[in-house]
Colleague: 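Right, I'll just put the structure down here and ask away after.
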Amino acid sequence: MATPTVSLNAAVPVVADPEKRAFPLSHHQRVNPVVESAQYAYQETNIVQIDDGGVARAAKHIHSLMQTESYSPRTWRTHPLHMLPNEPHRPDDPHNKAVLDWVFLISALNFSFWSEKEGTSERYGVEWQTSWDDSTRTVYTGYWSLVAALNRAIRDDGIPITTPSFYADETLCPDSVIANVFRRADQSTEDIPLLEDRIRIMREVGRTLCERFNGSYSGLLDALQLKHNGDATALDLVHTIIANFPSFRDEHVLNGRKVCIWKRAQILVADTWAAFYPASASAMHPLFPGTKGPQIHDLTMFADYRVPQILHHLNILTYPPTLIAKLEAGTYIESGSAEELSLRASSIVAVERVRDWIIAEGGNLSSVVIDFFLWDLAKRIECGEQEIDGIVTQAIVPPHRTRSIWY
Ligand SMILES: Nc1nc2c(c(CN[C@H]3C=C[C@H](O)[C@@H]3O)cn2[C@@H]2O[C@H](COP(=O)(O)O)[C@@H](O)[C@H]2O)c(=O)[nH]1
């Protein structure tokens with residue numbers, strides 16, 4: 001099956017005033033439209049269902065697992081490929097400006113790693129060392145293949161691949177250099193999916209960072225805080241990403257209504273927040289120093305293809321037999337179709353309900369940290385490292401196969 005390339009020509013609002021173009025919404029208009037969109041799409045599609053009994057049982061179990069593991073926003077930095085060399089105590093530190101550009105590019109390209117060769121060594125993989133400081137070799141697949149490829153380019157090949165002025169420039173950084181950054185492991189027989197779209201996105205986002213934000217993601221953060229008198233929240237940053245970067249504008253139309261999912265815009269902000277999360281609980285967040293702080297609880301989970309799979313396994317989501325049959329057969333599901341939107345919207349609404357249940361029981365968690373935990377748990381289950389016991393689960397079904405730049 002030929003992999004469809006996805007056109008990027010999302011209509012970009014033409015706004016004359018550069019200041020207005022970068023920050024189109026005034027402060028009081030900030031709400032997260034993803035919550036209302038997901039509720040609408042969940043009801044309107046009426047395909048995937050949320051089992052509220054399953055939510056209650058699984059929420060209790062998830063909460064106790066997270067407490068047992070002392071799972072926190074700091075867990076993000078403990079992943080071997082995320083283990084960033086320096087403590088992120090000062091975002092204006094040149095090293096940390098580089099970390100911010102590294103986080104930005106990862107989220108700009110964090111999509112569509114699933115393979116028809118799933119489960120075989122032929123699927124796209126990247127060979128790199130086991131961590132920043134351990135040189136034994138490992139082949140990474142999925143999301144980790146992206147991070148390994150960028151780390152390898154920086155560490156082994158001396159390519160400044162995460163510097164916007166570099167990757168935006170076709171002369172400095174020809175397509176062939178980018179293709180080589182994502183070169184596959186010897187055992188793989190397929191290349192990274194949607195390479196042409198990834199290259200196009202790099203040119204687009206790199207150019208925008210250079211033209212509007214002084215050439216870096218930290219420049220965007222500085223401009224954002226300036227605009228909001230130092231009081232910008234995580235949701236303000238999500239809106240700014242959506243306003244300035246069409247390739248993050250994960251929006252669809254369902255029965256004539258716009259449905260905002262904004263998966264990569266929200267995970268960019270969540271990764272930014274987690275990468276710089278302060279070591280001590282009492283300290284303010286260095287990137288959101290305002291009186292309100294980040295307000296990270298305004299963000300939803302990130303509707304990808306991995307978390308719906310574990311929500312179903314945990315009996316939080318129920319799928320009709322027709323959908324189960326399609327997933328088992330690896331049938332391609334169109335981007336923006338009712339089935340795809342139902343899988344994504346139900347996941348968002350379900351995690352909001354899991355969060356509400358945990359808070360009602362005295363917990364204090366955001367949908368963001370619950371999502372990070374569920375994604376990590378799904379990966380541990382996928383590689384056989386862990387099994388869910390203590391609650392009734394249903395057989396694991398393969399993740400849905402949609403090829404798009406959105407997740
Ligand atoms: N909802 C959600 N989706 C996430 C992530 C992450 C990586 N987050 C890591 C960083 C910190 C956390 O602790 C995680 O360790 C990637 N993805 C999405 O998954 C898909 C890739 O899946 P696979 O092919 O199996 O690797 C693809 O759509 C990608 O966009 C997440 O956290 N949440």
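Everything numeric here is computed off the predicted structure, so don't read it as measured data. Just so you know, ligand 1 is whichever comes first in the structure, and atom 1 is the first atom listed for that ligand.
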Colleague: Run the ring-centre check on F276 versus F288 and record whether the distance is less than 6.0 Å.
Modeller: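 That pair fails the under 6.0 Å test.
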
Colleague: Short list, please: which atoms of ligand 1 are under 4.0 Å from a heavy atom of V307?
Modeller: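 By the 4.0 Å cutoff, the relevant atoms are 1 (N).
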
Colleague: Within the side chain of N151, is there an N or O that forms a donor-acceptor pair under 3.5 Å with the backbone of L81?
Modeller: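 Indeed, once roles are kept as given, a pair shorter than 3.5 Å links the two residues.
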
Colleague: Run the numbers for me: atoms of ligand 1, each under 4.0 Å from some heavy atom of H79, listed by number.
Modeller: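 Here the atoms of ligand 1 in question are 13 (O), 15 (O).
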
Colleague: Of all the atoms in ligand 1, which lie at a distance below 4.0 Å from a heavy atom belonging to Y71?
Modeller: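 The atoms of ligand 1 under 4.0 Å from a heavy atom of Y71 are 13 (O).
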
Colleague: So for ligand 1, is H82 a polar contact partner (N or O within less than 3.5 Å, distance only)?
Modeller: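 Among all N and O atoms of H82, none is under 3.5 Å from an N or O of ligand 1.
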
Colleague: With heavy-atom distances below 4.0 Å as the criterion, list the atoms of ligand 1 near W144.
Modeller: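 With W144 as reference, the close atoms of ligand 1 come out as 15 (O).
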
Colleague: Does the ring center of Y319 lie less than 6.0 Å from the ring center of H312?
Modeller: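 Between Y319 and H312, the centre distance is under 6.0 Å.
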
Colleague: Is the backbone N or O of S115 less than 3.5 Å from a side-chain atom of R123, with the two atoms forming a donor-acceptor pair by type?
Modeller: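 Not a single qualifying donor-acceptor pair exists.
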
Colleague: Using distance alone, decide if ligand 1 has a nitrogen or oxygen within less than 3.5 Å of any nitrogen or oxygen in R306.
Modeller: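 Checking ligand 1 against R306, an N or O pair does fall under 3.5 Å apart.
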
Colleague: Decide yes or no on salt bridge (charged side-chain N to carboxylate O under 4.0 Å, His left out) for R77 and D271, but give the supporting numbers first.
Modeller: CA-CA 10 Å; R77 285 175 58 83; D271 282 358; over 6 Å; no

Colleague: Do we get R264 above Y407's six-membered ring, with its NZ or CZ under 6.0 Å from the centre and within 45° of the axis?
Modeller: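 No, R264 and Y407 do not form such a contact.
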
Colleague: What protein heavy atom is closest to atom 26 (O) of ligand 1, reported as residue, atom name and distance in Å?
Modeller: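 Ranked first by proximity to atom 26 (O) of ligand 1 is Y143 N, 2.7 Å.
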
Colleague: When you check the side-chain N and O atoms of T402 and S335, is any donor under 3.5 Å from an acceptor?
Modeller: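 Absent: no donor and acceptor within the cut-off.
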
Colleague: Tell me the protein heavy atom at minimum distance from atom 29 (C) of ligand 1, and give that distance in Å.
Modeller: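 For atom 29 (C) of ligand 1, the nearest protein heavy atom comes out as N110 OD1, 3.0 Å.
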
Colleague: Quick check: M301 and ligand 1, any N/O pair under 3.5 Å apart?
Modeller: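 No; the residue has no nitrogen or oxygen that sits under 3.5 Å from a nitrogen or oxygen of the ligand.
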
Colleague: Starting from atom 13 (O) of ligand 1, locate the nearest protein heavy atom and write down its residue, its atom name and how far away it is, to 0.1 Å.
Modeller: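 That would be D376 OD2, 2.9 Å.
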
Colleague: What is the nearest protein non-hydrogen atom to atom 11 (C) of ligand 1, stated with its residue, atom name and distance?
Modeller: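 For this ligand atom, the closest protein heavy atom is W76 CD1, 2.9 Å.
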
Colleague: Evaluate D250 against H252 for side-chain contact (heavy atoms from CB on, under 4.5 Å), listing each step before the verdict.
Modeller: CA-CA 7 Å; D250 175 7; H252 310 273; 2.7 Å; yes

Colleague: Quick test: of every protein heavy atom, which one is nearest to atom 20 (C) of ligand 1, and how far off is it to 0.1 Å?
Modeller: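 In this structure, atom 20 (C) of ligand 1 has Y305 CZ, 3.5 Å as its nearest protein heavy atom.
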
Colleague: With a 4.5 Å heavy-atom cut-off, do N110 and F302 have their side chains touching?
Modeller: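 Side chain of N110 against side chain of F302, heavy atoms only: no contact under 4.5 Å found.
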
Colleague: Examine ligand 1 and decide if any of its atoms is less than 4.0 Å from a heavy atom belonging to L374.
Modeller: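 It does not; every heavy atom stays at 4.0 Å or beyond.
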
Colleague: Could you identify the single nearest non-hydrogen protein atom to atom 23 (P) of ligand 1 and state the distance to 0.1 Å?
Modeller: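 Protein heavy atom at minimum distance: K379 NZ, 3.6 Å.
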
Colleague: Between the side chain of H63 and the main-chain N/O of I358, is any donor-acceptor distance below 3.5 Å?
Modeller: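 Looks like no, no N/O pair under 3.5 Å.
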
Colleague: Starting from atom 33 (N) of ligand 1, which protein heavy atom do you reach first, and at what distance in Å?
Modeller: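 Ranking protein heavy atoms by distance from atom 33 (N) of ligand 1, first comes D371 OD1, 2.6 Å.
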
Colleague: Return a yes/no value for K263: is any of its N or O atoms, backbone included, closer than 3.5 angstrom to an N or O of ligand 1?
Modeller: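 K263 vs ligand 1: N/O contact under 3.5 Å present.
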
Colleague: So that I know where these two stand, are F104 and F245 an aromatic pair - ring centroids less than 6.0 Å apart?
Modeller: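 That pair passes the under 6.0 Å test.
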
Colleague: What is the closest protein heavy atom to atom 31 (C) of ligand 1, and at what distance does it sit?
Modeller: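 Answer, as residue, atom name and distance: W375 CG, 3.4 Å.
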
